[in-house]
Colleague: 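A single structure is presented below for examination.
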Amino acid sequence: MAGPKVLGNPALEAFIAALSVRCVLAQVQVRQVRRGGNSFESRHVADSDQPEAQLRLVPVSDLRQIALFSASGVFRPLKSAPNLVTGWRTIAADEHELGLVLDQIYPGGIADWFAARRDPPPVTSYREFTARQTGMYRIAATLDDQGVAGAIGECCHVRCCLKRRLWTVEGVAIDAPDEKSLLACLEPCALMLDAARVAARRARSSQRPEGSGPIDGALLEDEPLP
C-alpha cells in the first residue's frame, strides 16, 4: 500500500513531475515501476540494462552505505564524484521514499536542482563565498583568479565531480549544461575551499622576499605546507 502523498516538499514534487517514466540524476537512474504508478526503482545508470536478478536489492534504509565507499573500498568524501558503486537496485514505495533514496545518495541534490531552475539561480560566487570565511580558510580570499581557475580544474572537472558548477570567478566560464549532470553546484564546496586554501598558502609563501619579516600567522598558520 502506497504511503501518504508528499506534502511541503516542492523540490521533490517538481522533480517527480519532470520525471516522466525514467530520469538520470548523475549516476542514478530513476524510473517509475509502472507508468502512472507511485513506486520507483533506482539503480546505477551503468546497470540500466542489467536483469533485476543480477542486481542486489538494497533497502532504502541501507542506501547511505552504498554512497559512502567506492567499489575499491575507498571513502567517498564527495558524494557527487563519478565513482558511485554499481550492482544494486532499490525500490521506493512512494514519493516520500524516493526523496529519501535520492537524498541519501546525493544529499541536497534535489533541493539544489530545484533552486537552479530559478531565473536567476541563487548562486554564490567564489569571491562572495570566500569573503565571509574566517580562521584558517580566510586566506582563500587572497587567491587570484588564475589560482582559482587552477583549483577549479583540480576539484570541479567532470572526472572529479558530476555537479554542474554555476558559481565562478572572473575569466572562468560556468559549466555548460551538457558537460555534467542535473545536479547543480550553487557555491564552492568544502573540498574546493580547502584546495583554494592550500593554493593560496603556496602562492603567499612563494611571494615572500628573501630575508623578509614574518608573515601573518593567522593566514599561513603554523602547519607546514603540503
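From a predicted model like this one, the values you see are computed outputs, not experimental measurements.
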Colleague: Verify, without hydrogens or angle tests, whether Asn38 (side chain) and Asp94 (backbone) share a donor-acceptor contact under 3.5 angstrom.
Modeller: no
Colleague: As an exercise, state the distance from CD of Gln104 to CD of Gln65, rounded to the nearest 0.5 Å.
Modeller: 10.0 Å
Colleague: Quick one: does Asp144's side chain have a donor or acceptor within less than 3.5 Å of a partner on Gly147's backbone?
Modeller: yes
Colleague: Check the hydrophobic clustering (I, L, V, M, F, W, Y; side-chain heavy atoms under 4.5 Å; chains of links allowed) and say if Ile110 and Tyr106 are grouped together.
Modeller: yes
Colleague: Would a hydrophobic clustering, with Ile, Leu, Val, Met, Phe, Trp and Tyr connected at side-chain separations under 4.5 Å, put Leu162 with Val28?
Modeller: no
Colleague: Can you tell me if Glu128 has over 12 outside heavy atoms packed within less than 6.0 Å of its CD?
Modeller: yes
Colleague: Going by heavy atoms in the side chains, are Ile152 and Arg165 under 4.5 Å from each other?
Modeller: yes
Colleague: Can you give me every donor-acceptor pair (side chain of residues 183-192, partner residue at least two apart or in another chain, under 3.5 Å) with its distance?
Modeller:
unit_1, atom_1, unit_2, atom_2, d
Glu187, OE1, Arg132, NH2, 3.1

Colleague: Looking at Phe114 and Pro10, what are the two nearest heavy atoms and their distance?
Modeller: CE1-O, 3.8 Å
Colleague: Would Val148 and Val198 show up in the same hydrophobic cluster when neighbours are defined by side-chain heavy atoms closer than 4.5 Å?
Modeller: no
Colleague: Which atom pairs, one a donor and one an acceptor, fall under 3.5 Å between side chains of residues 67-74 and the rest of the protein, sequence neighbours left out?
Modeller:
unit_1, atom_1, unit_2, atom_2, d
Ser70, OG, Ser72, N, 3.4
Ser70, OG, Ser72, OG, 3.0
Ser70, OG, Val74, N, 3.2

Colleague: Which is it for Arg127 and Val169 under the side-chain contact (heavy atoms from CB on, under 4.5 Å) test, yes or no, and what are the steps along the way?
Modeller: CA-CA 7 Å; Arg127 296 297 171 204; Val169 74; 3.7 Å; yes
Colleague: Please report, to 0.1 Å, the donor-acceptor pairs under 3.5 Å made by any side chain of residues 51-60, with sequence neighbours excluded.
Modeller:
none

Colleague: With no hydrogens and no angle check, just 3.5 Å: does a side-chain donor-acceptor pair link Thr130 and Gln133?
Modeller: no
Colleague: Once you round to the nearest 0.5 Å, how far does CZ of Phe40 lie from CG of Leu98?
Modeller: 5.5 Å
Colleague: Roughly how far, to the nearest 0.5 Å, is SG of Cys161 from CG of Asp175?
Modeller: 8.5 Å
Colleague: Measure centre to centre between the rings of Phe129 and Trp167, then say whether the value is under 6.0 Å.
Modeller: no
Colleague: Hey, could you give me the CG/OG distance between Asp112 and Ser80, rounded to the nearest 0.5 Å?
Modeller: 10.0 Å
Colleague: Group every Ile, Leu, Val, Met, Phe, Trp and Tyr by side-chain heavy-atom contacts under 4.5 Å, then state whether Val45 and Trp88 land in the same group.
Modeller: no
Colleague: Run the side-chain contact (heavy atoms from CB on, under 4.5 Å) test on Cys155 and Leu78 for me, step by step, so that the C-alpha distance in whole Å, both residues' side-chain angles and the decisive distance to 0.1 Å come before the verdict.
Modeller: CA-CA 10 Å; Cys155 296; Leu78 188 64; over 6 Å; no
Colleague: Is any side-chain heavy atom of Glu41 closer than 4.5 Å to one of Arg43?
Modeller: yes
Colleague: Ignoring hydrogens, what is the shortest heavy-atom contact between Asn83 and Gln27? Give both atom names and the distance.
Modeller: N-OE1, 3.3 Å
Colleague: Got a second to check how far Gln29's CD is from His44's NE2, nearest 0.5 Å?
Modeller: 11.0 Å
Colleague: Ion pair present between Arg164 and Asp178, side-chain N to carboxylate O less than 4.0 angstrom?
Modeller: no
Colleague: Taking all atoms of both residues into account, what is the closest heavy-atom pair of Ala140 and Leu193, and its distance?
Modeller: CB-CD1, 3.9 Å
Colleague: Whether the side chain of Thr142 engages the backbone of Ile139 through a donor-acceptor N/O pair (distance < 3.5 Å, no angle test) should be reported.
Modeller: yes
Colleague: Check for me, please, whether Leu100 and Ile16 land in the same ILVMFWY cluster - side-chain distances under 4.5 Å, paths through other members count.
Modeller: yes
Colleague: Minimum heavy-atom separation for Arg76 to Lys79, with atom names?
Modeller: O-NZ, 2.6 Å
Colleague: If every non-hydrogen atom of Trp113 is compared with every non-hydrogen atom of Ala11, which pair is closest and at what distance?
Modeller: CZ3-O, 3.7 Å
Colleague: Are Val123 and Ile174 packed together at the side-chain level, in the sense that at least one heavy-atom pair is separated by less than 4.5 angstrom?
Modeller: no
Colleague: I'd like to know whether CD of Glu179 has more than 12 heavy-atom contacts from other residues, nucleotides or ligands below 6.0 angstrom.
Modeller: yes
Colleague: When you look at Lys180 and Lys163, which way does the side-chain contact (heavy atoms from CB on, under 4.5 Å) test go after all the steps?
Modeller: CA-CA 6 Å; Lys180 295 287 190 72; Lys163 284 188 175 184; 5.6 Å; no
Colleague: Taking atom CD1 of Ile105 and atom CG of Leu25, what is their separation to the nearest 0.5 Å?
Modeller: 9.0 Å
Colleague: Begin from the C-alpha positions of Val172 and Asp145 and carry the test side-chain contact (heavy atoms from CB on, under 4.5 Å) through to its verdict.
Modeller: CA-CA 8 Å; Val172 180; Asp145 292 345; over 6 Å; no
Colleague: Do you know the tightest heavy-atom contact between Ala46 and Thr86?
Modeller: CB-CG2, 4.2 Å
